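Any value given below was found using the heavy atoms of this structure, including those in side chains, with hydrogens, waters and symmetry copies removed. Note that this is a predicted model, so its numbers are computed, not measured. Here is how names work: the chains are called A, B, and so on, in the same order as the sequence lines, proteins then strands, and each is numbered from 1.
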Amino acid sequence: SNAAAASRRDAASKLPRSDNAEVTCVSEEAQEATTGQIEGSGQRSEPGISSGPKPVGSGSTIIVSPRQRGNPILKFVRSVPWEFGDVVPDYVLGQTTCALFLSLRYHNLNPNYIHDRLKQLGHTFTLRVLLVQVDVKDPHHALKELARMCIMADCTLILAWSPEEAGRYLETYKSYEKKPADMLKEQVEKDYLSKVTDCLTTVKSINKTDAITLLSAFSSVEGIVSASKEDLVVCPGLGPQKARRLFDVLHKPFLKAKTKDS
Amino acid sequence: MLVDYRNNQPSDMAGPLLEFETEMFLSLFGSDGLLVTAEGLGIDRILLQFLRVYSEPGSLVLLLNTTTPEQEYFTEQLRVEGVTHLPRTVTSDVQSTERYNVYTEGGVLFVTSRILVVDFLTDRIPAHLITGILVYRAHKIIESCQEAFILRLFRQKNKTGFIKAFTDKATAFSSGFCQVERVMRNLFVKKLYLWPRFQASVNTALDRHKPEVVELHVSLTPAMRAIQSSILDIMTACLKELKRYNPTLEAEDLSLENTLGNSFEKTIRHYLDPLWHQLGAKTKALVQDLKVLRVLLLYLTQYDCVTFLNLLESLHSSQKIFGSNSGWLFLDSSTSMFVNARSRVYRIPESKKKLKVGAEVKRELVLERSPKWEALTEVLEEIERENKSSQHEPGRVLICASDDRTCAQLQQYIKHGSDWLLNRLYHRTIGKRDSAALGALELDLEKKGKGPVRKGTKGKQPAQKKNAKTTKGKSRPSLTLTQMVGKEETGEAAVMGSSGDEDELTDEDGGEEEQLKLDLPSDAYYGVLKEPLTVIHPLKGCTDPHSLTRVLHEVEPSFVVLYDAELSFVRQLEIYKANRPGKQLRVYFLIYGGSTEEQKYLTALSKEKKAFEHLIREKATMVIPEEREGREDTNLDLARNLDPANATTNTRKAGGQEQPTEPSRVIVDMREFRSELPSLLHRRGLDIEPVTLEVGDYILTPDACVERKSVSDLIGSLQSGRLYTQCLSMTRYYKKPVLLIEFDPAKPFSLTARSDFRHEISSNDVSSKLTLLTLHFPRLRILWCPSPHATAELFLELKRGQPEPDAAAAQAVTAESDTVAESADLYNPGPYDFLMKMPGVNTKNYRALIKNADSLADLAKISQDKLGEILGNANNAKLLYEFLHNVVNVPAPIQKTKQT
């Protein structure tokens, strides 16, 4: 508890030192993340057991291991609050996400360091980021080694070329913790026909023409959903294989477990 | 009325080879090598001779690196000569099953490189039957990875066939260390044949039948001269600044002389690209300024005074609007440039300037004529006189100018005269824009009732039309009818210039006048049909690179007027003349004496000469290994180093495990053969299996699937949503999904440039999207590779000690396969993806839906109220319900006829 107190003091002493703008400027994304958290169940992390102490990383701050004290990248973690805490990884960025930081210059001097750290980290977090700052002139050999290591140890390698960029990644990981993947997905036109087409074309080999054919033949999505396999086959351009695929998707249970039952 | 100039049968454009050309052909025919000729010295004719020889079923010859118009040109030439076994083109349109038959039918084949690589790898092409490979544009072999890969595969499988390579870009070898040696190594050739223009036998052959050359040194007007020196002053200043900011730039390459040349942009990019992100805004602005200044220089001599002023004024106003200038507009030289440029177009009378202060300024048009136009008129008059006095039929005239904008202007000039053209240009550009001034001018002139005004021009137009019609009726010999058959893109010039007003102009004319079909083989010419036949043709910018050659041989001019000088066409004319001894050919050069235009031409000449001298020296000292051609098994380039890494592993393992007898294998998607990586992997000893993959680009092990993205692809596919879908399927069907980010070695190894770094997290940044991607796909591994070479090395590392992938299994992975256990998917992907796309459904509420409905069919049975209960949100429920139950009336689409 002594250490925790020290770290809290540390965090507190950090705050007044940074200028006002930095403290107050919590970006939109960060706020979004907080609201996301209030709503509870995100896609990736099932809500934990409500009783007992809160799991590490469930708060809205990045928890920084005291080993990282003095790391210049902390100066650039500005739009998300952070505090020191006794954790195994260098940074805890969420309940299931953590990061180890490595400067290539340091790595070249102490090649075994990161190996030991990874071993120590184990598999407690689902997403383990190895945040590497490329700060040497010829990084290729070291990067090749690290890439291989990351594949073997199931880590996600992220490269940053400056402390600003590295700090930005930490901020982004924390503030995007609960963000849905919408901005990574294809943007769909707002009109009805495009939406229907978009849904139907998720089925393999169903193309846009097929989607319009289906809608014109059955006049609604419900019509398509409740159509029999025979009804689907006779649609021009569809054929038995496409019809079977579509029918399967529409009638297969969502849950895999239930597929096995049936 | 169609002038019948084609009284002789379709001309054999190639003609018999000249003495030195035969020598060239025989030496290359005798033994493999790289043939480098001077530009325009007829490398096509030599290549054509080879095609002629091998166009028979007994040989199988592949021609690499040609474009479709070139292929058409070669085929057409052979057809004219009566060759029966004509070359065939193999593209992806030819089914893979048919390709073997095409190959075995022999003759010359133009095959898409990607297809050739795949066919070599899968042994679909009978490599042992190939007579040899001809490589066009051989200087590009280093950059063009596919062609180099083809040659390597060919040499591995065929030790007897020939490799003969052609290029006429000697200057391409002067950059880089041992460039020619590296090219030859990639080509697997030992011999280098150099044919500069100054070669003795070339010289004697061409001197024997020299065309008559008349050089007309036109002098710039005082105003033009002043503008030119202003621009040069500013450029010198910019260069000085550039060097001051970047002391590492090599001084020699950045001389003013080089700045004028065409390759300047390339040179500067070559130096600055790798450190582009570190450069200050100042340097970038300077580079941009130099670009603009070069365009100004070009416009000064290439086009008329109005077009030039228009460009200058538009630069001025855009700089005012965007505030993006580095200061040259405020230099003294720049002020004098503006004054001079304006004075070529109009002047403001002294008296009025004093009289009306603050009132609209009245302009008197000056409209300086381009000196070259007048020289052109003189030349055409001289030709006419000559034609009249000679007893032979009048000689035809070919006028060549650099681009089609110039050609269009010349056509207008010859037809209507310079006053008409300049007036029209003025009123459509500067006059129009300056509407206040124009209004005043019009009013003023209306009162006076004279002078060239817009109204006046308008009045003139119909008159002109009438004129044309009447003269046509009389069909006098001096009849001038103009027409324009095709219009090429004006390209950069139009973008930067006066918004393509001439286009409008010529289009109108085309409509006004009778269409006359000149049956010329090019669609880019501007015919000025008179007696004698006069044709204007651009030197550059045609879609068909042979269009000028065709026109030259069809028109058979006795007089060629080079409005702009271009090295390779001048040489072509020399060959053309040497091929037709005894026939008259007079070439008029119009060149501005002491101008940058002249300087540019001379620089190009001396550059090529220097390049050849460099090549000659290099050839003298070159040490070529005996095994270069790779006909025995001793060429190390052909040896695919079978994993030296393996050896080290084995010693480490100390168990002395047996090396796997089966070579290591990578499964590669067909579409990936456009990149360099497959070739590099093959070189490192990995076997490549080309198949069509639905998921991933490379399969390294049964578990590891790699999606390769260049940085620009990464940005694009993160934006479009494609990468998300790709990652989704990779994680579903592979235990180790990998995203490979491959950087361009010529560009900085960094994802975001320092200058682009934002102050706050922005969802538009690549790094933000990449972060979110890894959050959603925690199993996705990321590889960062600075070059394809590094990737190949890394792949080898990753395969070490791992089981081999199976092509059939990889190919069978589709959206209907079973997902891997690691994906920890509770849901069936098909129904799940469909559900998630529905309106009102999101990542927060879909679980509730799945709890209440087993399948999509079930979901459609739920009432809107119930949906509201399940989703806990009436709005979402409404969205979903309406999506499912809305009845729409959509017309059935027209079914495409199926092709099987």
Side-chain angles (χ1 to χ4, degrees), chain A residues 27 29 39 41 43 79 97 126-127 140 143-144 147-148 150-151 156-159 161-162 164-165 168-169 171-173 175-176 179-181 183-186 192-193 195 198-199 202-204 209 212-213 215-216 219-222 225-226 236-237 248-256 258-259, chain B residues 718 720-721 724 736 750 752 754 757 760-761 763 767-769 771-776 778 780-784 786 790 793-794 797-798 814-816 825-828 830-835 837-839 842-844 850 854-857 860 883-893 895:
Chain A
S27 76
E29 266 98 352
E39 273 184 41
S41 56
Q43 187 202 5
S79 49
T97 310
T126 327
L127 175 59
H140 305 329
L143 285 180
K144 196 176 80 181
R148 185 172 143 81
C150 280
I151 297 258
T156 301
L157 181 64
I158 292 288
L159 300 190
W161 277 266
S162 64
E164 289 97 316
E165 206 183 345
R168 171 60 48 82
Y169 273 113
E171 291 177 338
T172 316
Y173 268 109
S175 61
Y176 282 8
K179 200 179 174 67
M183 75 178 203
L184 295 175
K185 292 180 187 168
E186 190 190 355
Y192 184 70
L193 200 60
K195 283 182 190 164
D198 195 42
C199 270
T202 58
V203 181
K204 183 183 150 78
T209 317
I212 297 168
T213 308
L215 199 59
S216 82
S219 26
S220 71
V221 177
E222 190 211 358
V225 171
S226 48
D248 279 358
V249 167
L250 295 174
H251 296 272
K252 219 185 214 175
F254 292 119
L255 283 167
K256 273 189 187 166
K258 291 204 179 169
T259 330
Chain B
L718 275 171
S720 70
Y724 181 84
K736 291 190 184 238
S750 160
T752 25
R754 195 163 263 206
F757 196 78
E760 276 198 10
I761 303 174
S763 55
S767 57
S768 304
K769 291 199 166 132
T771 305
L772 192 59
L773 191 76
T774 58
L775 277 166
H776 283 272
L780 182 70
R781 302 284 84 93
I782 302 184
L783 300 178
W784 308 67
E793 221 173 295
L794 188 57
E797 288 271 300
L798 296 179
T814 70
E816 292 186 321
D825 262 348
L826 299 168
Y827 313 110
N828 282 313
Y832 174 83
D833 288 349
F834 196 112
L835 177 72
K837 291 258 181 182
M838 290 198 189
N842 58 41
T843 46
K844 284 162 194 156
I850 288 176
D854 270 353
S855 66
L856 289 162
F883 177 76
L884 282 165
H885 300 279
N886 257 1
V887 173
V888 285
N889 209 344
V890 190
Q895 291 294 325

Select one option (side chain, backbone, both, neither) describing which atoms of [X] are under 4.5 Å from chain B's heavy atoms.
X: L193(A); answer: side chain
X: H251(A); answer: both
X: I212(A); answer: both
X: C199(A); answer: both
X: S226(A); answer: neither

Contacting region of [X] [heavy-atom separation from chain A under 4.5 Å]:
X: I782(B); result: both
X: K736(B); result: side chain
X: S767(B); result: both

- Between Y176(A) and L775(B), the two heavy atoms sitting closest are O-CD1, 3.5 Å
- Message: Can you give me the closest heavy-atom contact between S175(A) and I761(B), atom names plus distance?
- Response: OG-CD1, 3.4 Å
- Between R168(A) and E165(A), is there a side-chain N and carboxylate O pair less than 4.0 Å apart? no
- Item | Y169(A): side chain to side chain donor-acceptor pair (under 3.5 Å) partners, not counting sequence neighbours | none
- Query: Do V221(A) and Y192(A) touch side chain to side chain, with heavy atoms closer than 4.5 Å?
  - Reply: yes
- Query: Quick one: are I850(B) and L835(B) in side-chain contact, heavy atoms under 4.5 Å?
  - Reply: yes
- Rounded to the nearest 0.5 Å, how far does NZ of K179(A) lie from CG of L772(B)? 7.0 Å
- Query: Counting heavy-atom pairs under 4.5 Å to chain B, which of V225(A), V203(A), T172(A), L184(A) comes out on top?
  - Reply: L184(A)
Heavy-atom pairs under 4.5 Å with chain A - which of [options] has more of them than the others?
options: L718(B), L783(B), T774(B), D833(B); value: T774(B)
options: P786(B), A790(B), P831(B), S768(B); value: P831(B)
options: R781(B), K837(B), M838(B); value: R781(B)

- Task: Show the numbers, then the answer: is there a side-chain contact (heavy atoms from CB on, under 4.5 Å) between Y827(B) and L255(A)?
- Result: CA-CA 4 Å; Y827(B) 313 110; L255(A) 283 167; 3.5 Å; yes
